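Below: the structure, in structure tokens.
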2 protein chains.
Amino acid sequence: MVRVTITQVAARAGVSVASASRALNGLVASPETAAKVRDAARELGYVADATAQSLKRGRTLQLGFAVADIGNPVYVEMMAAVEQVVSASGYRLLLSSTGTSSSSVDVVRDLGRGYVDGLILSPLRVTDELLTALAAAPIPFVVLGRLPASADFDTVRADSPTAMRLVVDHLVAQGRRDIAFINGPTDTTPGVMRRDGFIAAVDRYDDLRTRHVDAADFTIAAGYDAALPLLDRPDRPTAVVAANDLIGVGVLRAAEDLGLQVPADLAVTGLDNTELAEVVRPGLTSVDLGAKERGRAAAEMLLARIADDTRPARTVTVPPALVVRGSTSASIPAALQRPEPIDEERAHG
Amino acid sequence: MVRVTITQVAARAGVSVASASRALNGLVASPETAAKVRDAARELGYVADATAQSLKRGRTLQLGFAVADIGNPVYVEMMAAVEQVVSASGYRLLLSSTGTSSSSVDVVRDLGRGYVDGLILSPLRVTDELLTALAAAPIPFVVLGRLPASADFDTVRADSPTAMRLVVDHLVAQGRRDIAFINGPTDTTPGVMRRDGFIAAVDRYDDLRTRHVDAADFTIAAGYDAALPLLDRPDRPTAVVAANDLIGVGVLRAAEDLGLQVPADLAVTGLDNTELAEVVRPGLTSVDLGAKERGRAAAEMLLARIADDTRPARTVTVPPALVVRGSTSASIPAALQRPEPIDEERAHG
DNA sequence: GTGAAAGCGCTAACAT
DNA sequence: ATGTTAGCGCTTTCAC
């Protein structure tokens, strides 16, 4: 198929390209001209070239979403929410996976190339290098995740301290006094936030025994490996707080392999409230950190920033919600542990 | 930050924009000029504008990935594989979610706007309208999924018939003779392919009893709802073949709620071999349809097509692999297959 | 090897 | 309301 330009449309309609452009964009044009141009465009199968429009208009109608780990269910949920808002606003979504922290900086640097009008960035680690790059970013952006107080950027974040308080209070209410925290890598922002949150949460009690283990990664396998030695000893804890659901499932598996009954012998909690928490048995008590809400909020914030780049930087914090399942509470009836009735978001795509 | 153009770089280097362009792109240039230009670019923080380059070069270095349901773990896996290949080849990945079949057509039509150099499309339903739009597509594309034989397009697909044979043979080998198939919606391509595959697979035996149920959707909830009435009766089947893992997990939940032991009372299989199959208890026997391989193959095929648009259309079929877990085989160690019973007595003791 | 100039396809002044 | 013209920022002939 041959590419048809506005020049050809104009020629066929017998008007100038300017008139053709105006007619096609619904600007001033006599009804007569408008009709001729519309017909010519239709007959020729004309569609405006996006690149040329972008160059001329100075905006691409593209937004970027840079995320450390596509594949992590939490990011997938965010991405889906972002995509929805973005496409509903007439923008296209550009995805980039930034495995390492340095490539995250690369993404920000690349912003100068002008292929997106804005960026949502969810960095695993916030380095000074990244902050510097962001401060110099030539286009609007929103950061998903915690930033140092000194960084005055648009941000959407979860509330780890509250999440950890919810979890710890719940476990204490269930009579647990010996609580281990299995964290992911502490050189990541979530790792630090969740650790600090846990410490602050347990510090409000003075009759708790606590211990800390770092899993090698925020994965099931790493959670399993970290839990096994912790649980395979006489003085094992009576509860484990996992830094995310994947680690939590690893803990459940380790308990299973050691013949421990959950929750009788051991209570386990996760974080993120992914579908995984709903699906495993016993169901994994978890805290919903509002991935979907964060994605939506970030996308809307970015659009608002694009519309008005003078507004002061904002930070939105999405409140967490505890979801109790069988891994901490034997009183949850089996019937409540089955899948949520429906997920309409997905059904309607 | 102000946008710096090649004109400014050229001015600073004391050369023409043409020379600057050549130097920056590693074309002919005296070492002297090259150095001056490079220095000027660095000092000014110059990065070439992607839109202008695209317009001039006639290619955007962007590829599209259009998928019906971001959020479905299978597509996420594909997407991650696609992203890897695409970004490694210097392209950016543009994501579009095409909930309905009609928006899938819209995506193809939009190809004429020229904001991508190629498209990977994974349509849930292949309509004539879509095929027509594809036939008229102005740029290269690859379809992920089965197409009618009449459509001579580049395609990557799974092998549902073989997958179903693997599953059925396995169940028969386990002594199951009464096998129910719980499908997703049959107005989708996967729905049709999996149904036909199942029928062909069981037709090779003449001592099987089979039945068919359609779940409302390829989801856990729909699988649960479809399984419940099927299993809650004296003449329930001894095995259920689910059309994907999500439905399979729904079946496991239904069996659990009805007090059926899996696999003793009922064998269950899924399809796709997502992480879910690994994580539930008992583990869900499933067939790996090679989502990652399909994503990678599709991306590579698209790049090859872009490089040479005269090559004949190809179809790559990724072979499936059976992964046996506790939901069909009692010989899988007990610790790995038994659901955790909710033991209320223990809660007191 | 280098510079002047054309032009990718489009929009937006600016005249008329 | 319409046409002419000047670019958006870049690459690439084409002369020299």
Side-chain angles (χ1 to χ4, degrees), chain A residues 1-38 40-41 44-62 90 110-117 138-139, chain B residues 1-38 40-41 44-62 90 110-117 138-139:
Chain A
M1 189 190 245
V2 168
R3 106 173 288 83
V4 25
T5 71
I6 198 173
T7 308
Q8 299 169 37
V9 173
R12 176 160 189 133
V15 300
S16 71
V17 288
S19 292
S21 174
R22 283 186 293 250
L24 291 167
N25 289 302
L27 304 181
V28 284
S30 71
E32 203 170 280
T33 303
K36 278 190 299 184
V37 171
R38 217 175 327 108
L44 264 40
Y46 171 79
V47 273
D49 182 84
T51 305
Q53 282 184 322
S54 295
L55 181 60
K56 182 65 196 179
R57 294 183 167 152
R59 28 185 238 136
T60 59
L61 289 183
Q62 295 187 163
D110 248 25
L111 258 33
R113 304 219 36 206
Y115 54 83
V116 289
D117 298 337
I139 62 164
Chain B
M1 188 190 247
V2 170
R3 110 173 284 83
V4 25
T5 72
I6 198 172
T7 307
Q8 300 169 38
V9 174
R12 176 160 190 135
V15 299
S16 70
V17 289
S19 291
S21 173
R22 283 186 293 250
L24 291 167
N25 289 301
L27 303 180
V28 285
S30 71
E32 205 169 277
T33 304
K36 277 189 301 187
V37 172
R38 217 175 327 106
L44 263 42
Y46 170 79
V47 273
D49 182 82
T51 305
Q53 282 184 322
S54 294
L55 181 60
K56 184 65 197 177
R57 300 200 229 228
R59 26 181 242 139
T60 59
L61 290 183
Q62 295 188 161
D110 247 24
L111 257 34
R113 305 219 34 207
Y115 53 83
V116 288
D117 297 338
I139 61 163

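Since this is a predicted model, take the numbers as computed values, not measurements.
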Which protein N or O atoms sit under 3.5 Å from an N or O of nucleotides 3-7 of chain D?
from	atom 1	to	atom 2	distance (Å)
dG3(D)	OP2	Ser16(A)	N	2.8
dG3(D)	OP2	Ser16(A)	OG	3.1
dG3(D)	OP2	Ser19(A)	OG	2.7
dG3(D)	N7	Arg22(A)	NH2	2.8
dG3(D)	O6	Arg22(A)	NH1	3.0
dG7(D)	N2	Lys56(A)	NZ	2.9
dG7(D)	N3	Lys56(A)	NZ	3.3

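Rounded to whole angstrom, the span from the CZ atom of Arg59(B) across to the C1' atom of dT11(D) amounts to 13 Å. Taking atom CD1 of Ile6(B) as the reference point, atom P of dT12(D) lies 11 Å away to the nearest angstrom. Distance, Asp49(B) CG to dC8(D) P: 12 Å, rounded to whole Å. Distance Arg3(B) CZ to dC8(D) C1': 10 Å, rounded to the nearest Å. One interatomic measurement links the two molecules: CD of Glu32(A) to C1' of dA1(D), which rounds to 11 Å at whole-angstrom precision. Leu55(B) has its CG atom 9 Å from the C1' atom of dC8(D), to the nearest Å.
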Should Tyr115(B) and Asp110(B) be marked as a side chain to side chain contact (heavy atoms under 4.5 Å, CB included) after you check the CA-CA gap, both sets of side-chain angles, and the distance that decides it? CA-CA 9 Å; Tyr115(B) 53 83; Asp110(B) 247 24; 3.4 Å; yes
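OP1 or OP2 of dT11(D) lies within a sub-4.0 Å distance of a side-chain N or O belonging to Ser21(B).
The residue among Thr51(A) and Ala29(B) whose nearest nucleotide of DNA chain C lies closer to the 5′ end is Ala29(B).
Between Arg113(B) and Gln53(A), the side chains place a donor N or O and an acceptor N or O closer than 3.5 Å (distance only, hydrogens not considered).
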Side chains of residues 5-15 of chain A: which donor-acceptor partners sit under 3.5 Å, not counting sequence neighbours?
from	atom 1	to	atom 2	distance (Å)
Thr5(A)	OG1	Thr7(A)	N	3.3
Arg12(A)	NE	Glu43(A)	OE1	2.8
Arg12(A)	NH2	Glu43(A)	OE1	2.7

Output side-chain donor-acceptor pairs under 3.5 Å for residues 27-38 of chain B, partner residues at least two apart or in another chain, one line each.
from	atom 1	to	atom 2	distance (Å)
Ser30(B)	OG	Thr33(B)	N	3.1
Ser30(B)	OG	Thr33(B)	OG1	2.8

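First and last contacts of DNA chain C with chain A, using any nucleotide atom under 4.0 Å from a protein heavy atom and ordered 5' to 3', fall at dG9(C) to dA13(C).
Contact of the Asp117(B) side chain with the Ile139(B) side chain is not registered, since no non-hydrogen atoms from C-beta on lie closer than 4.5 Å.
Residues Thr60(B) and Ser54(B) come closest through the heavy atom pair CA-OG, 3.4 Å.
The terminal axes of the helix from dG1(C)-dC16(D) to dT16(C)-dA1(D), fitted over 5 pairs per end, subtend an angle of 40° to the nearest 10°.
Residue pairs satisfying the salt bridge (charged side-chain N to carboxylate O under 4.0 Å, His left out) criterion with at least one member in residues 48-57 of chain B, sequence neighbours excluded, are listed as follows: Arg3(B)-Asp49(B).
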